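Note that the coordinates shown come from a computational prediction; the quantities given were computed from them, not determined experimentally. When a ligand or atom number is given, it counts from 1 through the structure's own listing order.
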Amino acid sequence: MRMLLIHADYLEYEVRDKALKNPEPISDEQKKGRLDEVLAVFISVEKVDEANPDEVVEKAIAEIEDVAKQVKAERIFVYPFAHLSSELAKPGVALEILKKIEEKLREKGYEVKRAPFGYYKAFKLSCKGHPLAELSRTIVPEEGVSK
Ligand SMILES: C[C@@H](O)[C@H](N)C(=O)N[C@H]1[C@@H](O)[C@H](n2cnc3c(N)ncnc32)O[C@@H]1CO
């Protein structure tokens with residue numbers, strides 16, 4: 001999994017066209033979204049993650065929470081982003097992993113939004129520009145370690 005983490009004044013998106021034949025079904029309300037004072041997390045789920053999705057979710061939560069605490073962000077925007085890797089996981093697996101990340105961050109008390117999966121989206125992002133405002137993380141499941 002590849003993550004780009006941007007601490008921002010705001011992130012807003014608007015759904016445009018389908019980017020997959022069967023994108024995630026969404027309500028009219030989900031066609032636009034915005035969060036202010038947010039840690040935006042752009043995530044590419046990778047093929048290697050398919051070996052142990054639960055472990056990758058746990059590691060992603062730990063990394064995201066570590067950065068959120070450092071930048072004192074209480075809102076997190078989980079943003080599916082297929083452009084951080086050339087070895088993408090299948091859409092079905094990727095969506096399940098992204099949903100689990102969203103749910104677990106919410107359980108930890110963060111205000112969380114997740115941008116719709118499987119669409120082209122316009123977005124506006126206002127990066128704060130401080131030294132920790134732009135970070136990236138790479139997460140891989142342990143080789144062959146079964147739970
Ligand atoms: C296109 C661009 O504007 C938009 N931002 C976009 O990337 N859309 C992606 C993700 O929402 C999702 N998607 C599919 N596979 C994956 C994956 N492995 N990991 C993350 N997202 C995925 O499906 C879309 C097409 O790849």
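Contact annotation: the side chain of Ile97 approaches that of Met1 to within less than 4.5 Å [non-hydrogen atoms, C-beta and beyond].
A salt bridge is defined here as a Lys NZ or Arg NE, NH1 or NH2 lying under 4.0 Å from an Asp or Glu carboxylate O, and Arg34 with Glu14 fails to meet this definition. One finds a salt bridge joining Lys47 and Glu50 here, because a Lys/Arg side-chain nitrogen approaches an Asp/Glu carboxylate oxygen to under 4.0 Å.
Applying the side-chain contact (heavy atoms from CB on, under 4.5 Å) test between Val112 and each of Arg75, Glu102, Glu103 identifies Glu102 as the sole match.
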Once you restrict both partners to nitrogen or oxygen, which atoms of ligand 1 have a protein partner under 3.5 Å, and how far apart are they?
from, atom 1, to, atom 2, distance (Å)
ligand 1, 7 (O), Ala82, N, 2.9
ligand 1, 7 (O), His83, NE2, 3.4
ligand 1, 8 (N), Tyr119, O, 3.3
ligand 1, 11 (O), Gly118, N, 2.9
ligand 1, 18 (N), Val45, O, 2.9
ligand 1, 18 (N), Ala89, O, 3.3
ligand 1, 19 (N), Val45, N, 3.1

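Atom CD in Glu58 sits 4.5 Å away from atom NZ in Lys104 (nearest 0.5 Å).
Under the 3.5 Å distance criterion, the side-chain polar atoms of Lys59 are left unmatched by any main-chain donor or acceptor of Pro141.
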